[in-house]
Amino acid sequence: MPWFGMDIGGTLSKLVYFEPKDMMQGESESEIEILKSIRKYLTKNSSYGKTGHRDTHLQMDNVVLRGIVGTLHFIRFPTSKMKNFLVLANQKGMAKLVTTVCATGGGAYKFEEDFKREVNMKLAKYDEFESLLKGLLYIDKNNPTECYYWSNPTDGTKCSKVQYDFSSPYPFLLVNIGSGVSILSVNSATECKRVSGTSLGGGTFLGLCCLLTGCNSFEEAIGLAAEGDHTHVDKLVKDIYGGDYAKFGLPGDLVASSFGQMNSRDRRSKVSRQDLARATLVTITNNIGSIARMCAIQQKVERVVFIGNFLRVNPIAMKLLAYAMEYWSNASMKALFLEHEGYFGAVGCLLQYHGET
Ligand SMILES: Nc1ncnc2c1ncn2[C@@H]1O[C@H](COP(=O)(O)OP(=O)(O)O)[C@@H](O)[C@H]1O
Ligand SMILES: CC(C)(COP(=O)(O)O)[C@@H](O)C(=O)NCCC(=O)O
């Protein structure tokens, strides 16, 4: 005790730890102090501490893990800072608390030797997609308000989050938007297969945004996008047709060509950083929505669940996905979202650990 689960992704490392409610006196106090100081350090040094975009889901109380009641704590930090994390784990005494950490994501393989060498910790490795699914089902079961959809996604005044009962979810499509995108078809709690993916994901949005706007963080990129207008950058159907292309059901406001206005020097001179950020967000999101919809048709599923940290503090992308799924499927498909969008892998690997190393 305590138990740690880590999802070491291409961009972010997600760390979840379980703190039992009734810890042994004495032992618990020193453990809690160590955990608190690790949390304090990581929170202070991660970008969200500085920008005011605070995550709302930092902990989940009264969950039962392996028959013990306790609290799940959620922390994340950039994977590029893994070396610093290992130094910290040593300095703050985390290495004394645990000998084995449950781990998933590509980094569980990439950093396995570093964990052993730097902090003498073993990684109990679990598959990233099986962990995602297990974590998602567990968190949804423990949090009645976990799953939701966006009603009236096109109408700014009427659009709102609505709770969704995810207790009978199968079959569904799971779209994990991390650095890249993986699309899984899920038929039961234990049956999932990866049906598609795209390298144009959250990492692409952030990378392109940094290049185009000079921004330096995801939070800044999202802040810029919120103020921008993508129609200054994209070429719409009406820019080409003068209105709708009615014969084939293409509305005038549909993007015909992403970034299509930017081949004009005059247009480029008028476009703002905000417009470019918004157009990047719209381009990446619509492309993911389009691939997800085709997979949903192919797999014959109606529910499409979008997760991954790309959706963190990102209602623009969620509403775009909600709209795209609803509009292009004539309302036969539903885009669903989850509150703990980026933490399921870390929780899922923790659930699978039963003491083995
Ligand atoms: N604070 C942040 N720093 C970097 N990227 C972030 C941050 N918050 C959200 N993101 C977005 O989340 C993506 C990573 O999502 P995540 O699900 O953690 O994937 P991975 O497992 O590949 O790291 C980034 O590419 C970026 O679009
Ligand atoms: C390789 C990955 C599974 C790694 O997961 P991530 O860290 O991006 O969450 C993912 O980035 C991915 O599926 N990329 C898309 C590859 C493709 O289908 O083109």
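Numbering of ligands and ligand atoms starts at 1, following listing order.
Polar contact check, Phe205 against ligand 1: no nitrogen or oxygen pair lies under 3.5 Å apart. At under 3.5 Å, a nitrogen or oxygen of Thr11, whether backbone or side chain, sits near a nitrogen or oxygen of ligand 1. For ligand 2, none of its N or O atoms has an N or O atom of Phe129 under 3.5 Å away. Considering backbone and side-chain atoms together, Gly180 places an N or O closer than 3.5 Å to an N or O of ligand 2. Considering backbone and side-chain N/O of Gly308, none are found under 3.5 Å from N/O of ligand 1. Close N/O approach between Gly180 and ligand 1 is not found [any backbone or side-chain N/O within under 3.5 Å]. For the pair Phe218 and ligand 1, the shortest N or O to N or O distance does not fall below 3.5 Å.
Ring-centre distance between Phe4 and Tyr17: below the 6.0 Å cut-off. Checked against the 6.0 Å centroid criterion, the rings of Phe337 and Tyr149 do not qualify as a close aromatic pair.
Under a 3.5 Å cut-off, the side chain of Glu220 and the backbone N or O of Asn216 do form a donor-acceptor pair. The closest donor-acceptor contact from the side chain of Arg303 to the backbone of Pro169 lies under 3.5 Å. At least one donor-acceptor pair closer than 3.5 Å links the side chain of Thr283 to the backbone N or O of Ala279. Panel note: side chain Thr104, backbone Glu128; a donor-acceptor pair is recorded below 3.5 Å. In this structure, Thr79 contributes its side chain and Ser13 its backbone to a donor-acceptor pair below 3.5 Å.
Aromatic ring pairs are classed by plane angle as parallel below 30°, tilted from 30° to 60° and perpendicular above 60°; the pair His340 and Phe344 is perpendicular. In this structure, Phe115 and Phe85 have tilted ring planes: the angle between them lies in the 30° to 60° band.
The number of heavy-atom neighbours closer than 6.0 Å to CZ of Arg117, taken from other residues, nucleotides and ligands shown, is above 12.
Looking at Thr11 against ligand 2, nothing comes within 4.0 Å, counting heavy atoms. Contacts of Leu206 with ligand 1, taken as heavy-atom pairs under 4.0 Å, involve the side chain alone.
The nearest heavy-atom contact from the protein to atom 10 (C) of ligand 2 is Ser182 OG, 4.0 Å. Remark: minimum distance from atom 19 (O) of ligand 2 to any protein heavy atom is reached at Ser199 N, 3.7 Å. When hydrogens are left out, the protein atom nearest atom 15 (C) of ligand 2 is Thr198 O, 3.4 Å; that is the closest non-hydrogen contact. Scanning the protein heavy atoms around atom 7 (O) of ligand 2, the nearest turns out to be Gly10 N, 3.3 Å. With respect to atom 16 (C) of ligand 2, the closest heavy atom belonging to the protein is Arg194 NH2, 3.7 Å.
Near Glu128, meaning under 4.0 Å from one of its heavy atoms, ligand 2 places the atoms 5 (O), 9 (O). Within ligand 1, counting atoms from 1 as listed, the ones closer than 4.0 Å to a heavy atom of Gly203 are 25 (O). Taking every non-hydrogen atom of Glu219 and a distance limit under 4.0 Å, the qualifying atoms of ligand 1 come out as 1 (N). Every atom of ligand 1 with a heavy atom of Lys14 under 4.0 Å away is listed here by number and element: 16 (P), 18 (O), 19 (O), 20 (P), 21 (O), 23 (O). Near Gly10, meaning under 4.0 Å from any of its heavy atoms, are these atoms of ligand 1: 20 (P), 21 (O), 22 (O), 23 (O).
A salt bridge does not link Asp229 to Arg278: none of the charged nitrogens lies less than 4.0 Å from a carboxylate oxygen. Contact check on Glu112 versus Lys125 returns a salt bridge, with a Lys/Arg side-chain nitrogen under 4.0 Å from an Asp/Glu carboxylate oxygen. Salt bridge absent: Asp244 and Lys238 never bring a charged side-chain N and a carboxylate O closer than 4.0 Å.
Of all the listed residues (Asn309, Asn314, Ile222, Leu311), Asn309 holds the heavy atom that lies closest to atom 15 (O) of ligand 1. When Gly105, Ser179, Gly9 are ranked by how near their heavy atoms come to atom 22 (O) of ligand 1, first place goes to Ser179.
Under a 4.0 Å heavy-atom criterion, Gly342 is not in contact with ligand 1. Within the 4.0 Å heavy-atom shell around ligand 2 one does not find Gly106.
Using a 3.5 Å distance cut-off with no hydrogens or angles, the side chains of Asp165 and Gln163 do not pair a donor with an acceptor.
The nearest protein heavy atom to atom 1 (C) of ligand 2 is not closer than 4.0 Å.
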